[in-house]
Amino acid sequence: MTLRLHDTAARETRDFAPLVPGRAGIYVCGLTVQSEPHVGHVRSAVNFDVLRRWLAASGYEVDFIRNVTDIDDKILAKSAEQGVHWYALAAAMKRELDKALAAINVLPPTYEPGATGHVPEIVELIEQLVARGHAYAAEDGSGDVYFDVRSWAAYGELTRQKVEDMEPAGDADPRGKRDPRDFALWKGHKKESEPATAAWPSPWGPGRPGWHIECSAMAGKYLGPAFDIHGGGVDLRFPHHENEQAQSRAAGRPFASYWLHNAWITTAGEKMSKSLGNSMLIPSVLERVRGIELRYYIVAAHYRSHVEFSFEALDEAAKGFRRIEDFLERAGGVLGGAVPADGIWCADFVAAMDDDLGTPAAVAAIHDVVREGNKLLAEGGDERALRGNAASVRAMLDVLGLDPADEAWAAAASDDRLTDVVDVLVRGLLAERAAAREAKDWARADAIRDQIKSAGLEVEDTSTGPRWTIIQGSV
RNA sequence: GGUGGGUUGGCCGAGAGGCGAGGCAACGGACUGCAAAUCCGUCUACACGGGUUCAAAUCCCGUACCCACCUCCA
């Protein structure tokens with residue numbers, strides 16, 4: 001069984017053949033830390049986290065680099081608007097992002113480089129491009145350096161566009177450009193409008209990196225001139241990725257073998273970045289569902305499918321996930337403790353994941369095993385089969401970053417000691433209810449159950465006695 | 001103007017010539033003191049118009065509508 005990935009550059013799903021057997025180098029364009037993360041932002045992170053986990057689970061040693069763009073026009077503009085230092089804004093938003101990603105169990109990358117920390121590498125790359133005749137310093141004294149689109153015949157190959165059909169780049173004063181489509185590699189410092197802290201020395205005078213160059217420089221530094229997979233959101237295909245590839249290849253670096261792009265999450269047909277209000281911001285969404293449920297919602301859709309975000313769909317996904325979770329919990333009860341995590345992946349799951357990360361089918365495969373497990377649970381008896389079944393569910397969930405027993409969720413979950421306290425209190429009430437039931441005083445028994453429910457706990461009678469759980473969404 | 005991606009049941013969402021997606025909701029049954037949970041069953045769709053084929057959501061032609069990108073974007 002080979003992993004197949006949809007390469008957006010080739011426009012086809014191809015067998016994944018790593019440059020070095022057993023190893024996978026991945027570069028993903030992370031966020032420009034300019035505002036609070038919303039559902040759309042974290043989708044990309046989850047999608048590539050699943051890729052990374054599946055590769056690792058399949059036996060690859062994965063180098064996963066996800067950058068942070070910590071300086072650009074927007075950060076400068078927003079910080080000026082808010083009257084804060086640009087680096088303060090970037091750092092604050094970075095912390096928000098980290099918090100949001102931790103809440104949905106996105107593993108930290110192998111390394112997370114930032115643009116501002118790689119100015120020497122960026123300058124070196126630009127120098128290579130100038131030396132090879134693919135970049136030039138603007139002749140208008142602005143200190144800008146541009147990539148010469150006309151000098152690179154393959155320009156447009158990633159998105160199959162002809163240079164003549166493109167609209168001009170608006171990233172700088174066009175007077176300094178040889179061609180309006182040339183884009184900035186280096187932006188000369190604008191003394192009158194930009195803070196002195198937003199400039200670094202360079203052979204072309206003080207300035208800062210253009211938008212695309214940092215990814216080429218950092219991918220080259222950490223993954224080498226050629227690496228396996230480059231990922232990001234669809235919107236980045238052009239200009240960002242097109243330009244990254246042009247810059248890198250023009251500098252003699254083969255760059256990425258495969259390009260993966262995740263689709264958008266929109267709200268009512270609108271991009272999330274344009275949506276008004278902050279109901280789609282991660283902290284706000286996490287008031288409604290738990291992080292694991294949000295992750296399930298994202299994973300249940302294929303990464304290349306456009307998702308129309310709705311709270312109704314989110315709630316439904318959460319219910320679907322709880323079905324899996326409930327099974328594990330009940331199986332754990334029967335098995336006398338935690339369900340082991342060493343189960344095997346079922347064949348459907350593996351086939352789904354190998355087929356361009358077919359997470360919807362993978363989720364369906366998990367549900368199938370859950371149904372089998374529920375059947376075993378209902379029949380009672382075959383503990384060995386149940387153990388294998390439940391362990392299999394856990395193992396598959398783990399690949400998707402959705403194992404409820406994963407310690408990563410513990411930080412976000414309620415305090416264990418508090419759970420113990422509640423358990424003691426509820427057990428007292430349940431003993432009373434048991435006595436009432438014994439006496440067939442159903443009114444009294446139901447009153448106690450209602451009382452517990454009004455506190456936000458659900459009581460269920462099972463073959464092994466009553467069990468209480470927190471009603472999700474009630475707190 | 002150029003480049004891509006879509007349109008599937010009440011809802012969410014896969015699939016890519018013949019075979020059950022899956023979840024949620026709804027309804028019926030089993031179980032239960034009643035519930036809950038669970039199991040079983042029911043509802044069974046592919047934007048539209050043609051065509052190819054023994055067989056089409058799936059392939060071909062055409063039409064409509066939607067979305068993204070074309071230098072701020074995950």
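Order of the sequence lines fixes the chain letters, A, B, ..., with proteins taken first and strands second; residue numbering starts at 1 for each chain. Just the heavy atoms: all of them, side chains too, but no hydrogens, waters or symmetry mates, feed the values below.
Spacing between atom CG of A:D315 and atom P of B:C11 amounts to 17 Å, rounded to whole angstrom units. Per the geometry, CH2 belonging to A:W442 stands 7 Å off P belonging to B:G33, to the nearest Å. Between A:L314 atom CG and B:G23 atom P the separation is 19 Å, expressed in whole Å. Distance, A:H261 NE2 to B:A74 C1': 10 Å, rounded to whole Å. The NZ atom of A:K162 sits 15 Å away from the P atom of B:G1 (whole-angstrom rounding). One interatomic measurement links the two molecules: CG of A:N262 to P of B:A74, which rounds to 11 Å at whole-angstrom precision. Per the geometry, NE2 belonging to A:H302 stands 19 Å off P belonging to B:C12, to the nearest Å.
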Check against side chain to side chain donor-acceptor pair (under 3.5 Å), A:H241 and A:Q245 = CA-CA 6 Å; A:H241 290 162; A:Q245 188 173 74; over 6 Å; no
For A:Y146 and A:F183, run ring pair (Phe, Tyr, Trp, His ring centres under 6.0 Å): C-alpha distance rounded to whole Å, both residues' side-chain angles, the deciding distance at 0.1 Å, then the answer.
-> CA-CA 5 Å; A:Y146 296 111; A:F183 57 90; 8.8 Å; no
Residue pair A:W259, A:H230: steps toward the ring pair (Phe, Tyr, Trp, His ring centres under 6.0 Å) verdict | CA-CA 5 Å; A:W259 287 89; A:H230 191 130; 4.3 Å; yes
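Remark: A:R290 engages A:E325 in a salt bridge, criterion side-chain N to carboxylate O under 4.0 Å. Ionic pairing of A:R394 and A:D398 is not present here: no N-O contact between side-chain nitrogen and carboxylate oxygen is shorter than 4.0 angstrom.
For B:A68, the paired nucleotide is B:U3, the pair qualifying as Watson-Crick or G-U wobble because both relevant distances are below 3.5 Å. Pair check for B:A26 finds B:U42; Watson-Crick or G-U wobble, both atom distances under 3.5 Å. As the counterpart of B:A16, no nucleotide is assigned, since no Watson-Crick or G-U wobble pattern has both distances under 3.5 Å. With a cut-off of 3.5 Å on both pairing distances, the Watson-Crick or G-U wobble partner of B:C48 is B:G62.
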Report all interatomic pairs (protein N or O, nucleotide N or O of nucleotides 25-32 of chain B) with separations under 3.5 Å.
none

Set out, line by line, the N/O atom pairs under 3.5 Å between protein and nucleotides 36-43 of chain B.
from: B:U38; atom 1: O3'; to: A:N374; atom 2: ND2; distance (Å): 3.3
from: B:C39; atom 1: OP1; to: A:R323; atom 2: NH2; distance (Å): 3.1
from: B:C39; atom 1: OP1; to: A:N374; atom 2: ND2; distance (Å): 3.3
from: B:C39; atom 1: OP2; to: A:R323; atom 2: NH1; distance (Å): 3.4
from: B:C40; atom 1: OP1; to: A:K375; atom 2: NZ; distance (Å): 3.4

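Between A:S305 and the phosphate of B:G6, there is no side-chain N or O to OP1/OP2 separation shorter than 4.0 Å. For B:A74, the OP1/OP2 oxygens have a side-chain nitrogen or oxygen of A:H41 closer than 4.0 Å. The phosphate of B:A74 (OP1 or OP2) has a side-chain N or O of A:T32 nearer than 4.0 angstrom.
The main-chain N or O of A:V149 is never found under 3.5 Å from a side-chain atom of A:R178 such that the two would form a donor-acceptor pair.
B:A25 shows a glycosidic angle more than 90° from 0 and is accordingly assigned anti.
Within the cation-pi definition used here (under 6.0 Å to the ring centroid, within 45° of the axis), A:R66 does not qualify as a partner of A:F48.
Closest of all the heavy-atom pairs between A:C29 and A:N67 is CA-OD1, 3.2 Å.
When each of A:A445 and A:T159 is assigned the nucleotide of RNA chain B bearing its nearest heavy atom, the one mapping closer to the 5' terminus is A:T159. Take the nearest nucleotide of RNA chain B for A:P360 and for A:A364: the residue whose nucleotide is more 5' is A:P360.
Under 3.5 Å, the side chain of A:Y146 and the base of B:U71 form no donor-acceptor pair of N or O atoms. Looking at A:D446, its side chain comes within 3.5 Å of the base of B:G33 through a donor and an acceptor atom. For B:C34, the base has a donor-acceptor partner in the side chain of A:R449 [N/O atoms by modelled type, under 3.5 angstrom].
Aromatic rings of A:Y222 and A:Y27 (six-membered ring for Trp) have centroids beyond the 6.0 Å cut-off, not under it.
Other residues, nucleotides and ligands place more than 12 heavy atoms under 6.0 Å from the CD atom of A:E12.
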